[in-house]
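I have placed the structure first, in the form of structure tokens, so that the comments after it can refer back to it.
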Amino acid sequence: MLQFLIYDVLGTPAILVGVFSLTGLLLQKRAISEIIAGTLKTIMGFVILTAGAGIIASTLTTFSQLFGHSFHLQGVVPNTDAMAVLAQKDYGTATAMIMVSGMLINILLARLTPLKYIFLTGHHTLYMAAMLAVVLSAGGLSAPIVVAAGSITLGAMMVISPAILQPFTRKITHSDDLALGHFGSAGYLLAALIGKVTGKGSPSIEEVKVPDSLNFLRDSSVAIALTMMALFLVLVTVAGKSFVEETLSAGQNYIIFAVIQSLTFAAGVYIILAGVRMVIAEIVPAFKGIADKLVKNAKPALDCPTVFPFAPNAVIVGFLSSFSAGLVSMFLCPLFGLSVIVPGLVPHFFCGATAGVYGNITGGRRGAVAGSFSHGLLISFLPAILLPMMGNMGLSSTTFGDADFGIIGIILSHIMTIFN
């Protein structure tokens, strides 16, 4: 029963957000029909968002295979999802306790402090709990201390992470009703600050002027499809017809395969944007009940694709710029005695795209490029620094990818070393 509650309910973002939506509507004493409709639409919105993310992740996996084969890359690919699964094999109980206790501390801190944020990105809550369980347990702390220290750290991060971004999130969404709840916040903050420094006077990338003959590029779906099509066509050409058709496409012509993959990627982005709009439309009114009754003026902190609809051009620019930084870092990391980190397409898309949105809001076009490039360097060097520490804990095959995991993991690992 406990495993069902923690992993299946609280660990499923769509259900978690649906529970909060249901709670908010109940507190407002809405009609049964409104409660049912609002809860189900919130869950469906997240299911749609997740479906889009799954489509993108699938095409990015194909992209990674093509990229690795074409350029013979060897190294470690950061994978936060895989790390969380590996961690739970030996630290499952501590992970579960930290996750649940951390969520309660999040609500408590939101109620008692000026940081009125309820962190609703359930899978990231689980992942951070897993990392905290690993690092603190490996530091030789007793089980109760591991749970206590991990819960406090997680609960604090769940309000601090949205808070440091809110001045910029407010400008992006033109509202103070939503916050960003994603443990890549240090990278997004860096992108916003770099954008502010480098992009003074630069117009927003969403205001790019194009000739009338190229007006179709104003449609973000078309622009994303054409961009990804160019990248896929280059990769399948370099990888070779035989490799693509024998290994990846199940016999489908390699050019057609590239075209379909690029259009599938664009469709995934379109689905994500539709899901985000549906979630926002339902959860903001429903959350008013929680804000009024439990945590006055509470704001829901949602997953990073929440900001994608507000700057679709910055999304693709951020992805490409962050990924470019990842490629550059492959040559830079060895110069500092670090392992080669092969850029993972999933973190560079979702986090890099988000960094592009934050860089754009402070520094326009130049800010979007420079901010997301800086973010790409950050999420390359942090995993490389964290990797030896994970190896000491028996998890050397991969490492956590997003910025906040790297920062918290490195700090806590050093603290544990000092105490030991």
Side-chain angles (χ1 to χ4, degrees), residues 53 56-57 60 63-64 67 78 80 161 164-165 167-169 171-173 180 182-208 220 223-224 227-228 230-231 265-266 269 272-273 303-333 341-384 401-407:
I56 287 177
L60 290 178
F63 190 99
S64 294
F67 195 86
T80 301
S161 175
I164 62 175
L165 294 174
F168 309 107
T169 307
K171 291 178 67 177
I172 291 168
T173 62
L180 191 77
H182 194 262
F183 288 132
S185 60
Y188 311 144
L189 178 62
L190 175 67
L193 296 177
I194 292 293
K196 192 172 184 178
V197 171
T198 61
K200 189 174 181 180
S202 178
S204 170
I205 202 164
E206 305 306 315
E207 299 173 6
V208 173
S220 60
I224 290 170
T227 301
M228 295 305 295
L231 293 174
F265 181 92
V269 174
I272 282 179
L273 299 183
D303 204 351
C304 61
T306 300
V307 299
F308 287 6
F310 298 96
N313 291 343
V315 166
I316 193 65
V317 169
F319 161 49
L320 295 175
S321 185
S322 181
F323 181 65
S324 298
L327 296 178
V328 171
S329 297
M330 290 178 58
F331 303 97
L332 293 180
C333 284
I341 298 295
V342 178
L345 271 293
V346 172
H348 280 289
F349 174 73
F350 287 102
C351 300
T354 307
V357 175
Y358 278 84
N360 178 66
I361 202 63
T362 59
R365 302 173 196 174
R366 290 199 301 272
V369 173
S372 51
F373 190 88
S374 302
H375 167 273
L377 294 175
L378 185 69
I379 67 168
S380 299
F381 274 86
L382 285 177
D402 301 349
D404 293 358
F405 293 96
I407 292 173

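Note that these values count all heavy atoms, side chains included, but never hydrogens, waters or copies made by symmetry.
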Quiz item: So do the side chains of L320 and L231 get within less than 4.5 Å of each other, counting heavy atoms only?
Solution: yes
Practice problem: Identify the heavy atoms of V317 and A368 that sit nearest to each other, and give their distance. | Solution: CG1-CB, 4.4 Å
Exercise. Sequence neighbours left out, what passes side-chain hydrogen bond (donor to acceptor under 3.5 Å, both in side chains) with S321? Give chain and number order.
Key: S372
Quiz prompt | Residues F319, T227; criterion side-chain contact (heavy atoms from CB on, under 4.5 Å); working and verdict | solution = CA-CA 11 Å; F319 161 49; T227 301; over 6 Å; no
Quiz item: Passes side-chain contact (heavy atoms from CB on, under 4.5 Å), F350 versus H182? Steps please.
Solution: CA-CA 11 Å; F350 287 102; H182 194 262; 5.7 Å; no
Quiz item: Taking only residues two or more places apart in sequence, or in another chain, which ones meet T169 in a side-chain hydrogen bond (donor to acceptor under 3.5 Å, both in side chains)?
Solution: Y358
Quiz item: Is the backbone N or O of G359 less than 3.5 Å from a side-chain atom of T362, with the two atoms forming a donor-acceptor pair by type?
Solution: yes
Exercise. Output yes when a side-chain donor or acceptor of S329 lies under 3.5 Å from a complementary backbone atom of S380, and no otherwise.
Key: no
Quiz prompt | Derivation of the side-chain contact (heavy atoms from CB on, under 4.5 Å) call for L180 and I172 | solution = CA-CA 11 Å; L180 191 77; I172 291 168; over 6 Å; no
Quiz item: With ring centroids as reference points, do F63 and F349 lie under 6.0 angstrom apart?
Solution: no
Practice problem: Quick one: list whatever passes side-chain hydrogen bond (donor to acceptor under 3.5 Å, both in side chains) with D402, sequence neighbours left out. | Solution: H124
Quiz item: Angle class for the F323/H348 ring planes (parallel below 30°, perpendicular above 60°, tilted otherwise)?
Solution: perpendicular
Self-check item: side-chain contact (heavy atoms from CB on, under 4.5 Å) between L189 and F168, worked out
Solution: CA-CA 9 Å; L189 178 62; F168 309 107; 3.7 Å; yes
Quiz item: Do the side chain of S161 and the main chain of S185 share a donor and acceptor less than 3.5 angstrom apart?
Solution: no
